[in-house]
Amino acid sequence: MTFPVVGMVGGGQLARMTHEAGIPLGIRFKLLSDTPQDSAAQVVSDVVIGDYRDLDTLRDFARGCDVITFDHEHVPTEHLRALEADGIPVRPGPDALVHAQDKGVMRARLDAIGVPCPRHRIVSDPGDVAAFAAELGGREGTGTDGFPVVLKTVRGGYDGKGVWVVDSVEEAAEPFRAGVPVLAEEKVDFVRELAANVVRSPHGQAVAYPVVESQQVNGVCDTVIAPAPDLDEALALKAEEMALRIAKELDVVGHLAVELFHTRDGRILVNELAMRPHNSGHWTQDGAITSQFANHVRAVLDLPLGDPRPRAKWTVMVNVLGGDYPDMYSAYLHCMARDPQLKIHMYGKDVKPGRKVGHVNTYGDDLDDVLERARHAAGYLRGTITE
């Protein structure tokens with residue numbers, strides 16, 4: 001029997017964990033990676049080293065692949081259209097993926113289909129930012145200048161990069177120096193961030209995972225709690241339905257993460273979209289019947305999707321960031337002895353301060369206990385907890 005070959009563009013940890021999910025199914029992976037040291041390149045047997053921004057490289061890589069998918073959204077849209085013209089299935093396709101690549105396109109499309117978002121506008125210079133802020137102040141009826149305002153480069157930002165919160169027109173110059181369009185948004189008064197993760201197949205089957213709470217530190221995801229604590233059932237259902245509708249309207253194939261603001265007045269607004277496995281879904285590796293990675297593989301191959309229901313009442317994921325102690329393996333003895341249920345997932349990356357090098361998952365019936373176990377393990381691995 002011949003098993004399909006999934007071509008994965010990008011060699012990061014998402015590709016590594018997606019490959020792992022395909023192993024039990026006998027799925028073969030071919031990887032386009034920047035370097036042999038990349039996280040997934042260390043574990044995938046068929047690796048091509050090359051630049052995903054070069055069309056000839058992409059075309060050569062795609063030969064022999066049954067489908068192309070991604071661990072990032074940065075492949076040029078026109079290159080993906082060229083692959084499709086060559087008869088190569090690309091999932092998600094360029095018409096969908098552009099909404100995760102370009103924040104301006106995403107906001108315009110969500111507006112068109114009636115999905116609630118922060119108030120926003122594409123701006124061309126600091127004066128345009130001031131005019132947008134003045135409109136915000138006028139609408140609120142506060143008589144203020146409308147600042148602070150959030151500015152984002154429409155392409156290329158992640159983990160807090162390419163995002164500025166400016167308090168005045170004088171602070172608004174920096175984002176325009178990159179020479180790319182800038183999106184201005186209101187600074188939302190939110191009580192927490194949520195994420196709705198869904199997976200959709202080419203023929204339209206879709207599943208939704210429980211809505212989670214995502215806690216950020218310095219613009220980087222630190223902790224994910226599944227399901228989101230104390231979230232009204234009706235609002236959770238609304239978030240899941242919204243994510244499923246976005247996936248259908250945008251014709252997403254594969255995993256879609258919809259990052260949300262839970263506002264102080266009880267609304268949910270869409271912050272960002274990601275069309276690939278996502279940090280807010282890492283808990284599913286150990287906490288769901290079918291992980292986000294396994295369902296992404298199933299979706300891009302148009303196989304029936306797996307059950308997304310949780311295995312435990314609570315699952316907590318905490319990212320392990322690099323610190324001053326590079327020998328994380330020596331911490332395994334303490335972490336595993338202290339918590340035999342602990343699940344450690346490391347990415348094979350060099351340990352550098354602030355860099356995501358792994359994550360831990362814990363689960364159980366008592367949320368305080370599950371949180372403490374996950375945070376202790378992540379802190380001990382990093383070296384910020386020593387006992």
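In this text, all values refer to a predicted model and were calculated from it rather than measured experimentally.
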Practice task
Before accepting this row, confirm whether a basic side-chain N of the pair R121/E185 lies closer than 4.0 Å to the acidic partner's carboxylate O.
Solution key: no
Fill in the blank from the handout: Correct closest heavy-atom pair for G10 and L31 would be O-CD1, 3.1 Å
Practice task
Report the C-alpha distance between F190 and H262 in whole Å, list the side-chain angles of each, state the deciding distance to 0.1 Å, and finish with yes or no for ring-ring contact (aromatic ring centres under 6.0 Å, His included).
Solution key: CA-CA 5 Å; F190 63 91; H262 185 191; 9.9 Å; no
Handout entry: Salt-bridge criterion met for D324 and R382 (N-O under 4.0 Å)
Key = no
Handout entry: Donor-acceptor pair between N197 and S280 side chains, under 3.5 angstrom
Key = yes
Handout entry: Residue F176 excluded, over 12 heavy atoms near CZ under 6.0 Å
Key = yes
Practice task
Calculate, to the nearest 0.5 Å, the distance between atoms CG and NZ belonging to L136 and K187 respectively.
Solution key: 12.5 Å
Exercise for the section: Indicate whether any N or O donor in one side chain lies under 3.5 Å from an N or O acceptor in the other, for H72 and Y52. Expected result: no
Exercise for the section: Return yes if a side-chain donor-acceptor contact under 3.5 Å exists between T18 and E20, otherwise no. Expected result: no
Handout entry: Expected output: side-chain S291 to main-chain A294 donor-acceptor under 3.5 Å
Key = yes
Exercise for the section: Please answer whether the main-chain N or O of Y363 pairs with a side-chain N or O of R373 as donor and acceptor at a distance below 3.5 Å. Expected result: yes
Handout entry: Q13 and K349 side chains, donor-acceptor separation under 3.5 Å
Key = yes
Practice task
Please report the shortest heavy-atom distance between M8 and A15, naming the atom on each side.
Solution key: CG-CB, 3.5 Å
Exercise for the section: Would you sort out whether M275 and V98 count as a side chain to side chain contact (heavy atoms under 4.5 Å, CB included), showing the intermediate values? Expected result: CA-CA 10 Å; M275 295 181 192; V98 68; over 6 Å; no
Exercise for the section: Starting from the C-alpha separation in whole Å, work towards a yes-or-no answer on ring-ring contact (aromatic ring centres under 6.0 Å, His included) for H19 and F293. Expected result: CA-CA 8 Å; H19 166 258; F293 301 102; over 10 Å; no
Exercise for the section: For the pair K313 and D365, find out whether any cationic side-chain nitrogen is under 4.0 Å from an anionic carboxylate oxygen. Expected result: no
Problem - Joint cluster assignment, I225 & I268, ILVMFWY side-chain distance < 4.5 Å - result: no
Completion exercise
In short, V211 meets A239 closest at the heavy-atom pair CG2-CB, 3.8 Å
Handout entry: Heavy-atom neighbours of R81 CZ exceed 12 at 6.0 Å
Key = yes
Handout entry: Distance (rounded to the nearest 0.5 Å) between I113 CD1 and K248 NZ
Key = 11.5 Å
Practice task
Please name the pair of heavy atoms, one in L305 and one in A206, separated by the smallest distance, quoted to 0.1 Å.
Solution key: CD1-CA, 3.9 Å
Problem - V300-F3 co-clustered via ILVMFWY side chain contacts under 4.5 Å - result: no
Practice task
Would you check if the side chain of D128 reaches a backbone N or O of S124 as a donor-acceptor pair within less than 3.5 Å?
Solution key: yes
Problem - Distance-only polar pair, side chains of D286 and H345, donor-acceptor under 3.5 Å - result: yes
Problem - Heavy-atom donor-acceptor pair, S39 side chain to R16 backbone, under 3.5 Å - result: no
Handout entry: Flag if over 12 foreign heavy atoms under 6.0 Å of CG, D265
Key = yes
Problem - Whether Q101 side chain and E73 backbone form a donor-acceptor pair below 3.5 Å - result: yes
Exercise for the section: Say whether, by atom type as modelled, one donor and one acceptor occur between the side chain of D125 and the main chain of G127 under 3.5 angstrom. Expected result: yes
Problem - More than 12 heavy atoms from other groups under 6.0 Å of CD on E233 - result: no
Problem - Check: V370 main-chain N/O paired with T362 side-chain donor or acceptor under 3.5 Å - result: yes
Exercise for the section: Give a yes or no on whether R28 atom CZ has more than 12 heavy-atom contacts from other residues, nucleotides or ligands under 6.0 Å away. Expected result: no
Exercise for the section: Inspect the contact between K238 and E241 and indicate whether a charged nitrogen and a carboxylate oxygen are less than 4.0 angstrom apart. Expected result: no
Handout entry: ILVMFWY network linking L381 to Y325, side-chain heavy atoms under 4.5 angstrom
Key = no
Exercise for the section: Given side chain to side chain contact (heavy atoms under 4.5 Å, CB included), test I289 with R311 step by step and report yes or no. Expected result: CA-CA 6 Å; I289 294 171; R311 293 181 182 271; 4.3 Å; yes
Exercise for the section: Report yes or no: does H99 contribute a side-chain atom to a donor-acceptor pair with the main-chain N or O of L97 at less than 3.5 Å? Expected result: no
Problem - Exercise: do T57 and D51 side chains pair donor with acceptor under 3.5 Å - result: no
Handout entry: Charged tip of K30 within 45° of F61 ring normal and under 6.0 Å
Key = yes
Problem - R53 atom CZ: more than 12 heavy-atom contacts under 6.0 Å - result: no
Exercise for the section: Drop me the distance from W283's CH2 to N361's CG, to the nearest 0.5 angstrom. Expected result: 9.5 Å
Practice task
Using the rule that two of Ile, Leu, Val, Met, Phe, Trp, Tyr join whenever any of their side-chain heavy atoms come within less than 4.5 Å, decide whether V351 and Y380 are in one cluster.
Solution key: no
Problem - Side-chain donor/acceptor of T69 to backbone N/O of R91, under 3.5 Å - result: yes
Practice task
State, to 0.1 Å, how close E171 and V165 come at their nearest heavy-atom pair, and which atoms those are.
Solution key: OE1-O, 4.2 Å
Practice task
Run the salt-bridge test on D60 and R63 with the 4.0 Å N-O cut-off and return the result as yes or no.
Solution key: yes
Handout entry: Donor + acceptor pair across side chains of D302, H203 (<3.5 Å)
Key = yes
Exercise for the section: Please test E372 against R338 for salt bridge (charged side-chain N to carboxylate O under 4.0 Å, His left out), starting from the C-alpha separation and ending with a verdict. Expected result: CA-CA 12 Å; E372 190 279 330; R338 185 178 188 271; 2.9 Å; yes
Handout entry: R107 with D111: basic N within carboxylate O range, under 4.0 Å
Key = no
Exercise for the section: Look at the rings of H255 and Y209 and say which category their plane angle falls in: under 30° parallel, 30 to 60° tilted, over 60° perpendicular. Expected result: tilted
Problem - NZ/NE/NH1/NH2 to OD/OE distance under 4.0 Å, E272 and K152 - result: yes
Exercise for the section: Could you tell me whether R276 and D71 make a salt bridge, using a distance below 4.0 angstrom between a side-chain N and a carboxylate O? Expected result: no
Practice task
Would you check if there is a donor-acceptor pair between the side chains of H376 and H334 at a distance under 3.5 Å?
Solution key: yes
Handout entry: Exam field: side chain R355 to backbone D350, donor-acceptor pair closer than 3.5 Å
Key = yes
Handout entry: Co-membership, hydrophobic cluster, residues L58 and I49, 4.5 Å side-chain
Key = no
